[in-house]
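Written below as structure tokens is the structure these notes are about.
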Amino acid sequence: PPRSLYQRALPARAKSMTHHVPFLPGNSDTYDLRAPPPNRRTRVARRLLRQVSEVYEGGGGRFAALEDPRRLFVLEEREGRRKMAEYVADVVAGIPDFSTKEVLEAELPEKEKLERLVSDIPRGNLREMLLEDITTLARDFAELNHVKTVRATLCVTREQKCPRFHVDKVPSRLLVTYTGPGTEFQKTGSRNWLLVPPKQLINIPVIGEIFGSLRNEVAGKLSNIRYNALAMGPKTVIGKANALDILVLKGASWKASNGIMHRSPPVSESSVRLVLTIDV
């Protein structure tokens, strides 16, 4: 598919899997005329949008490191995170909570579907940036999973939607928090197979169903805090994605893997999150 001017301007030199990539600029000349005159934070954000830096384009695709059986996640950091997150927070502060889902063609998503996905975001810089970022991430994520379509969800939330550590029942999932606290995940450590059973056990006819029912009964009696404390081993290290980072996690349906545990982060009363989720 045709590449954007921004993408064609970028050098194709590979970097390590934890690396710095600028937030995609989109059309920085678009501006919502109804908005107040740009303050210093807005001007700084616009300069960050125009940065041209390096992206990972290693052999086998952008997220190819996830093919390693020993790796459960890929975390891609992006430059200008704090200032850009503040800029995004200013834009979405007055937007009510929403969640919009679309199935996108990975190679060249339909414009109408992309527009519907971001329809709750006011027209202007942020909306244009999201359109370009979603287009690029959908393509790269589809390449990892060898599929032609992906499911994308864009939401604004002020709640902790998934307070318990869990494993998604998908092959893999991509998460980007554009502003607000990012997703928490089990970086290292073991898990309690009684509360988070492996798919090899759950998939056994009859036995898996019985075990699953018992597990749900026990888990239902535990508070979220107690459940999270018991679900993971004592030497667990919890990682956390920062705003604008791209986090790709293996799910329970990934071949030869039981996936990685993660959860939505706690959200304070004054926090708002703008989150993109892509899966298959």
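All heavy atoms count here, side chains included; hydrogens, waters and symmetry mates do not.
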Exercise. Report the C-alpha separation of Thr177 and Arg273 in whole Å, then their side-chain angles, then the decisive distance to 0.1 Å, and conclude whether the side chain to side chain donor-acceptor pair (under 3.5 Å) test is met.
Key: CA-CA 7 Å; Thr177 302; Arg273 302 177 71 217; 3.2 Å; yes
Self-check item: Heavy-atom donor-acceptor pair, Thr236 side chain to Met232 backbone, under 3.5 Å
Solution: no
Practice problem: Without swapping roles, check the side chain of Lys199 against the backbone of Ala252 for a donor-acceptor pair under 3.5 Å. | Solution: yes
Quiz item: Is it true that atom CD1 of Ile204 has more than 12 heavy atoms of other residues, nucleotides or ligands lying nearer than 6.0 Å?
Solution: yes
Quiz prompt | Donor-acceptor pair, side chain of Arg151 and main chain of Val103, under 3.5 angstrom | solution = no
Exercise. Check whether the side chains of Gln160 and Ser264 place a donor and an acceptor atom closer than 3.5 Å, and report yes or no.
Key: no
Exercise. Report yes or no: does Asp68 contribute a side-chain atom to a donor-acceptor pair with the main-chain N or O of Arg70 at less than 3.5 Å?
Key: yes
Quiz item: Has the side chain of Arg127 got a donor or acceptor atom that lies under 3.5 Å from a matching backbone atom of Ile121?
Solution: yes
Quiz item: Checking side-chain contact (heavy atoms from CB on, under 4.5 Å) for the pair Ile246/Val74: CA distance, chi angles, key distance, verdict?
Solution: CA-CA 8 Å; Ile246 302 169; Val74 169; over 6 Å; no
Self-check item: Met261 and its side chain to side chain contact (heavy atoms under 4.5 Å, CB included) partner, picked from Ile238, Val167, Leu72
Solution: Val167
Quiz prompt | Crowding at CD, Glu67 (>12 non-hydrogen neighbours, <6.0 Å) | solution = yes
Quiz item: Is there side-chain contact between Phe211 and Ile202, with at least one heavy-atom pair below 4.5 Å?
Solution: yes
Quiz item: Does Arg158 pair with Asp97 as a salt bridge, N-O distance under 4.0 Å?
Solution: yes
Quiz item: With no hydrogens and no angle check, is any side-chain donor or acceptor of Asn192 less than 3.5 Å from a backbone partner on Leu230?
Solution: yes
Exercise. Check whether any side-chain heavy atom of Trp254 sits under 4.5 Å from a side-chain heavy atom of Leu66, and report yes or no.
Key: yes
Quiz prompt | Partner of Arg173 by side-chain hydrogen bond (donor to acceptor under 3.5 Å, both in side chains), out of Thr183, Thr277, Asp168 | solution = Asp168
Quiz item: Would the number of heavy atoms belonging to other residues, nucleotides or ligands and lying under 6.0 Å from CZ of Arg116 be above 12?
Solution: yes
Quiz prompt | Donor + acceptor pair across side chains of Ser172, Asp279 (<3.5 Å) | solution = no
Practice problem: Please find out if less than 6.0 Å separates the ring center of Phe185 from that of Phe73. | Solution: yes
Practice problem: Answer yes or no: is there a side-chain heavy-atom contact under 4.5 Å between Pro171 and Lys255? | Solution: no
